[in-house]
A.B. asks: 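Have a look at the structure that comes next, please.
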Amino acid sequence: PVRTRFAPSPTGYLHIGGVRTALFNWLYARHHGGQFVLRIDDTDQERNVEAALAPILAGFRWLGLDWDEGAEIGGPHAPYYQSARQDRYREVVRELVERGQAYHDFATAEELQSERQEAEKEGRRFVYSRRFLAETDTDRQRFEAAGRRGVVRLKLPREGRCRLDDRIRGVVEVDWVGEQDHVVQRADGSCLYNLATVVDDHDMEISHVIRAEEHLSNTPRQLFVYDALGWERPEFAHLPFVAEPGSKNKLSKRKLERYLKNPDFGALYERGSRIAERLGLAMTPESFNPVVVDFYRETGFLPEAVVNYLLLLGWALDDRTENFSRDEMIGHFTLERVNRAPASFDAKRLVAFQSRYMQALSVERRTAMALGFLERSGLVPTPASPSARERALRVVEAAGDRIEIGGDVIDYDDFFVEDGALKRDPTAVERWLIKPVGAIVRLRSLRERLAQIDPFDAASLEREFVAFAEAEGVKIGAVVQAVRVAVTGKAIGFGLYESLVILGRERTLRRVDDALAAVAA
RNA sequence: GUCCCUAUCGUCUAGCCUGGUCUAGGACACCACCCUUUCAAGGUGGCGACACGGGUUCGAAUCCCGUUAGGGACGCCA
């Protein structure tokens, strides 16, 4: 039976690279009708695990990556928190020592350091002398009497090669000498990752360890533990990591400043920030940026689009298929088609997927999304009144594919604010109302015509505008843009006739009057 | 420094295992033009890659060796 797992650390946010790894694990399990386990790696955690875990679990749920066992839901191999499994790890460490596969060591950090430096100076590979290895209880007591504190180290082979048949990399071999006698238990008795992960994977009957490439070099010491205990090794598959925008470096939250300088990444960040600001979200760049899943959730991305993008970051079915439904991804996903080279994060491509998925949605669905943002930004009452809903529907319909992410609806705030509260872009006013000769006079006479038009619909408006521009001897664009700026405050937007119809005659006239008054002043 | 991994358009990739159908396909991005009422969208077209050097072979993006470049790991972090 296929069992995969993902083991996040409770860090307070869900990293996009981690999600890609989790997705591949999830897909592999689902493809084989197996189970996906969500285990929590909180061995090194001192702060509030629950609070730091919540956004991560929320992220998984939002993306639709459900887990069969693990955090919050438990399961037959509980507990799924490493912090609660220390006794079990210690038990395994004892067994390792008994089997002669690990030993108590009393070297100090300084002594180790100097051995290391010496090796480096002589240009040879560092191999610990095992000078402070305690063979017997008497040895231990002697060291302890001398005030030393002991750790437990793996007693790794110093000859031969370690062979790993990785499902993605193929056969990887390394010399055992190159490996260190890694510490598996600290002086305070707590156990370390390299041991814990093996014990957990074994106890939880994980059949396939699918993880990022950065773990490839820890694998030999983990294989050693499996073998030393006589445990069956799981299959390993090391995924290429997700690289930062425009380079092959591993994506990292610490280098955010740099990513923001990448035009595409920076633009996405700006766009999201504008939305967050209007929603009144108190966001810091550390917790709210395009490397964090919450960013997409908060700004109105569709989880399906994010997942589809992530799927194709290191995996492809063939030379043309780009869109995958959840069932299709599950049906097609195999490890064999995972790429070996790192793939860099491309914000533009992610938005392209989002845009595509968004346009495939009905107007009603898109309106429902938009409404959430309108409510939260206070542009419509919460819950939205029927008239507000109606207006939102018409705006979303008219905006069409201009609304790529849910939060984009805020760009059309001018349809929801009070007429008197409408702000006009000064540059647009200058360009279309003040600068063109006769613009004001034309707007004034057009205003009278707008008052007369009957019915006040798009077709009639178009006829009127065309006739008016012709009579005045100006381009239709000049007239349209002048009215657009007067009524919406912006020089850009969707069709003007639809815009005026959505606002209605009364409000259109009022806004034209306001604009005329403002320009005259 | 040592060990390991990787290498096809700017980006994501198909092709590589099982050499010929590859004057290397698709998508995103970009550029131009068309459409047009601004902004999008749409239509048409364009730019654009097998890292390099040897070998094997009638034939190499594909197989082998080397070089170079990039990356990762070398913790009482995970």
Side-chain angles (χ1 to χ4, degrees), chain A residues 7-9 11 41-45 82 105 107 109 112 116 119-121 123-126 149-153 164 166 168-170 172-175 177-180 182-188 190-194 196-197 212-220 238 240-241 243 245-250 264 309 312-323 336-337 339-353 355-356 359 399-404 411 428 431-432 462 465-466 469 475-481 483-485 488 490-497:
Chain A
S9 293
T11 53
D41 270 14
D42 57 350
T43 44
D44 201 42
Q45 224 61 36
Q82 291 199 326
D105 182 65
L112 238 28
R116 207 181 291 269
E120 198 170 319
K121 209 165 59 197
R124 57 182 167 79
R125 210 137 53 166
F126 166 64
R149 305 197 61 199
V151 298
V152 178
R153 290 180 183 277
L164 163 70
D166 189 272
I168 292 170
R169 316 261 135 193
V172 178
E173 283 188 281
V174 288
D175 290 324
V177 228
E179 284 290 309
Q180 304 306 322
H182 299 278
V183 173
V184 286
Q185 186 170 29
R186 295 187 180 97
D188 68 4
S190 61
C191 295
L192 269 2
Y193 168 79
N194 276 305
T197 196
E213 186 187 5
E214 62 207 87
H215 290 283
L216 184 59
S217 46
N218 314 348
T219 310
H238 287 94
F241 51 79
S247 107
K248 291 296 180 197
N249 291 24
K250 191 176 99 175
D264 299 339
Y309 168 73
L312 264 15
L313 207 54
W315 183 88
L317 174 65
D318 54 30
D319 62 344
R320 53 198 68 252
T321 318
E322 289 247 299
N323 295 337
E336 282 61 44
R337 297 202 63 84
N339 227 69
R340 275 190 299 271
S344 49
F345 180 79
D346 182 352
K348 271 234 170 92
R349 191 160 135 97
L350 172 47
V351 172
F353 273 98
S355 183
R356 213 180 299 168
Q359 300 331 310
D401 51 38
R402 292 171 185 80
I403 297 178
E404 288 183 316
D411 290 342
R431 161 131 195 242
W432 295 104
E462 178 166 14
F465 270 70
V466 170
K475 284 186 179 171
I476 184 82
V479 182
V480 164
Q481 285 302 85
V483 174
R484 184 190 298 282
V485 173
T488 71
K490 301 179 178 87
I492 57 171
F494 48 78
L496 181 71
Y497 311 132

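Throughout, protein chains are lettered first and strands after them, A, B, ... in sequence-line order, and every chain is numbered starting at 1. Everything quoted here is computed from the prediction, not taken from an experiment. Worth knowing before you read on, the calculation uses all heavy atoms, side chains too, and leaves out hydrogens, waters and symmetry mates.
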A.B. asks: Do any side-chain nitrogens or oxygens of A:Ser344 fall under 4.0 Å of OP1 or OP2 in B:C12?
C.D. replies: yes
A.B. asks: Do A:Tyr193 and A:His215 make the cut of ring centroids closer than 6.0 angstrom?
C.D. replies: yes
A.B. asks: Contact class for A:Ala491 (heavy atom, under 4.0 Å): base, sugar-phosphate, or nothing?
C.D. replies: base
A.B. asks: Checking A:Asp105 side chain against A:Val151 main chain: does a donor-acceptor pair fall under 3.5 Å?
C.D. replies: no
A.B. asks: Between B:C77, B:C5, B:A78, which nucleotide gets closest to the side-chain atoms of A:His215?
C.D. replies: B:A78
A.B. asks: Within the 4.0 Å heavy-atom criterion, would you say A:Asp318 contacts the bases, only the backbone, or no part of the nucleic acid?
C.D. replies: sugar-phosphate
A.B. asks: Name the residue closer to the 5' end of RNA chain B, choosing between A:His182 and A:Ile168 according to the nucleotide with the nearest heavy atom.
C.D. replies: A:Ile168
A.B. asks: Any carboxylate oxygen within less than 4.0 angstrom of a Lys/Arg side-chain nitrogen, looking at A:Lys250 and A:Glu213?
C.D. replies: no
A.B. asks: Mind checking A:Gly493 for me? I need base, sugar-phosphate or nothing, with any heavy atom below 4.0 Å counting as a touch.
C.D. replies: base
A.B. asks: Provide, to the nearest angstrom, the distance between the CZ atom belonging to A:Phe241 and the P atom belonging to B:A73.
C.D. replies: 8 Å
A.B. asks: Distance check, P atoms only: B:A32 and B:G53, in whole angstrom units.
C.D. replies: 35 Å
A.B. asks: With heavy atoms under 4.0 Å as the rule, sort A:Lys475 into base, sugar-phosphate or nothing.
C.D. replies: nothing
A.B. asks: From the list B:U38, B:A78, B:C12, which nucleotide is the closest neighbour of the side chain of A:Arg402?
C.D. replies: B:U38
A.B. asks: Taking the C1' atom in each of B:U13 and B:G20, what is the distance between them to the nearest angstrom?
C.D. replies: 24 Å
A.B. asks: Using Watson-Crick or G-U wobble geometry with both distances under 3.5 Å, which nucleotide pairs with B:C30?
C.D. replies: B:G46
A.B. asks: I need the OH-P distance between A:Tyr193 and B:C74, as an integer number of Å.
C.D. replies: 11 Å
A.B. asks: In whole Å, what is the span from the CG atom of A:Asp188 to the C1' atom of B:G75?
C.D. replies: 15 Å
A.B. asks: Mind checking who B:U36 pairs with, Watson-Crick or G-U wobble, both distances under 3.5 Å?
C.D. replies: none
A.B. asks: For a quick check of understanding: with a heavy-atom distance under 4.0 Å over all strands, which category does A:Leu192 fall into, base, sugar-phosphate or nothing?
C.D. replies: sugar-phosphate
A.B. asks: Whole angstroms only, please: what is the CZ-P distance between A:Phe345 and B:C28?
C.D. replies: 17 Å
A.B. asks: If the cut-off is 4.0 Å, is A:Asn194 near the phosphate of B:C77, judged by side-chain N/O to OP1 or OP2?
C.D. replies: no
A.B. asks: Examine the base of B:U6 for any acceptor or donor lying under 3.5 Å from a partner atom in the side chain of A:Arg169, and report the outcome as yes or no.
C.D. replies: no
A.B. asks: Return the value, rounded to whole Å, for the distance between atom CG of A:Asp319 and atom P of B:G26.
C.D. replies: 9 Å
A.B. asks: To the side chain of A:Gln481, which of B:C4, B:U38, B:A27 is closest?
C.D. replies: B:U38
A.B. asks: Without decimals, in angstroms, what is the distance between A:Asn323 CG and B:U13 C1'?
C.D. replies: 15 Å
A.B. asks: When all nucleic acid strands are considered with a 4.0 Å heavy-atom cut-off, which category describes A:Glu404: base, sugar-phosphate, or nothing?
C.D. replies: nothing
A.B. asks: Picking from B:U13, B:C28, B:A73, which would you name as closest to the side chain of A:Arg356?
C.D. replies: B:C28
A.B. asks: Just name whichever nucleotide pairs with B:U6, Watson-Crick or G-U, keeping both distances under 3.5 Å, else none.
C.D. replies: B:A69
A.B. asks: What contact category does A:Phe494 fall into here, base, sugar-phosphate, or nothing, at under 4.0 angstrom with non-hydrogen atoms?
C.D. replies: base
A.B. asks: Calculate, to the nearest 0.5 Å, the distance between atoms CZ and NZ belonging to A:Arg484 and A:Lys490 respectively.
C.D. replies: 11.0 Å
A.B. asks: Among B:U38, B:A73, B:A14, which nucleotide has an atom closest to any side-chain atom of A:Ile492?
C.D. replies: B:U38
A.B. asks: Any idea which of B:C12, B:G70, B:C30 is nearest the A:Lys348 side chain?
C.D. replies: B:C30
A.B. asks: May I ask you to say what A:Val174 touches in the nucleic acid, namely base, sugar-phosphate or nothing, with a heavy-atom cut-off under 4.0 Å?
C.D. replies: sugar-phosphate
A.B. asks: For B:U6, does either OP1 or OP2 sit under 4.0 Å from a side-chain N or O belonging to A:Arg340?
C.D. replies: yes
A.B. asks: Can you tell me the base-pairing partner of B:C17? Count Watson-Crick or G-U wobble geometry only, both distances below 3.5 Å, and say none if there is no partner.
C.D. replies: none
A.B. asks: What are the two closest heavy atoms between A:Ala343 and A:Leu313, and how far apart are they?
C.D. replies: CB-CD1, 3.8 Å
A.B. asks: Examine B:U13: is either OP1 or OP2 under 4.0 Å from a nitrogen or oxygen in the side chain of A:Arg349? Give yes or no.
C.D. replies: no
A.B. asks: If we take the P atom in both B:G54 and B:A61, what is their distance in whole Å?
C.D. replies: 14 Å
A.B. asks: A:Leu164 has an atom CG; how far is it from atom C1' of B:C3, in whole Å?
C.D. replies: 15 Å
A.B. asks: Is any side-chain nitrogen or oxygen of A:Asn218 closer than 4.0 Å to OP1 or OP2 of B:A73?
C.D. replies: no
A.B. asks: For the P atoms, the ones on B:U11 and on B:U18, what distance do you get once it is rounded to whole angstrom?
C.D. replies: 30 Å
A.B. asks: Could you please name the option among B:U2, B:A41, B:A14 that lies closest to any side-chain atom of A:Arg125?
C.D. replies: B:U2
A.B. asks: Take atom NE2 of A:His238 and atom C1' of B:A73, then tell me their distance rounded to the nearest Å.
C.D. replies: 11 Å
A.B. asks: Tell me whether A:Asp175 contacts the main-chain N or O of A:Gly178 through its side chain, where contact means a donor paired with an acceptor under 3.5 Å.
C.D. replies: no
A.B. asks: Please pick, from B:C12, B:A73, B:A78, the nucleotide with the shortest atom-to-atom distance to any side-chain atom of A:Ala343.
C.D. replies: B:C12
A.B. asks: Hey, is the main chain of A:Phe126 close enough, under 3.5 Å, to the side chain of A:Gln180 for a donor-acceptor pair?
C.D. replies: yes
A.B. asks: Of the candidate nucleotides B:U13, B:G75, B:G71, which contains the atom at the shortest distance from the side chain of A:Arg116?
C.D. replies: B:G75
A.B. asks: Could you check which of B:C28, B:A78, B:U37 has an atom nearest any side-chain atom of A:Ile476?
C.D. replies: B:U37
A.B. asks: Indicate yes or no for a side-chain donor-acceptor contact from A:Ser9 to the backbone of A:Asp41 under 3.5 Å, with no hydrogens or angles considered.
C.D. replies: yes
A.B. asks: Categorize A:Gly314 for me: base, sugar-phosphate, or nothing, with a 4.0 angstrom heavy-atom threshold over every strand shown.
C.D. replies: sugar-phosphate
A.B. asks: For A:Leu312 and A:Gly150, take the nucleotide of RNA chain B holding the closest heavy atom to each; which residue's nucleotide lies nearer the 5' end?
C.D. replies: A:Leu312
A.B. asks: Counting distance only, does the side-chain N/O of A:Arg337 pair as donor-acceptor with the main-chain N or O of A:Ala316 below 3.5 Å?
C.D. replies: yes
A.B. asks: Roughly how far apart, to the nearest Å, are B:A7 and B:U62 at atom C1'?
C.D. replies: 14 Å
A.B. asks: Expressed as a whole number of Å, how far does the C1' atom of B:A60 sit from that of B:A24?
C.D. replies: 13 Å
A.B. asks: Expressed in whole Å, how much space separates the C1' atoms belonging to B:G59 and B:U23?
C.D. replies: 16 Å
A.B. asks: Is there a Watson-Crick or G-U wobble partner for B:C74 with both distances under 3.5 Å, and if so, which one is it?
C.D. replies: B:G1
A.B. asks: Using a cut-off of 4.0 Å on non-hydrogen atoms, how would the nucleic acid contact of A:Arg431 be classed: base, sugar-phosphate, or nothing?
C.D. replies: nothing
A.B. asks: Measuring only the C1' atom in each nucleotide, how far is B:G25 from B:C63? A whole number of Å is fine.
C.D. replies: 23 Å
A.B. asks: Is the shortest side-chain N/O distance from A:Arg153 to OP1 or OP2 of B:G75 below 4.0 Å?
C.D. replies: no
A.B. asks: With no hydrogens and no angle check, is any side-chain donor or acceptor of A:Tyr309 less than 3.5 Å from a backbone partner on A:Ala352?
C.D. replies: no
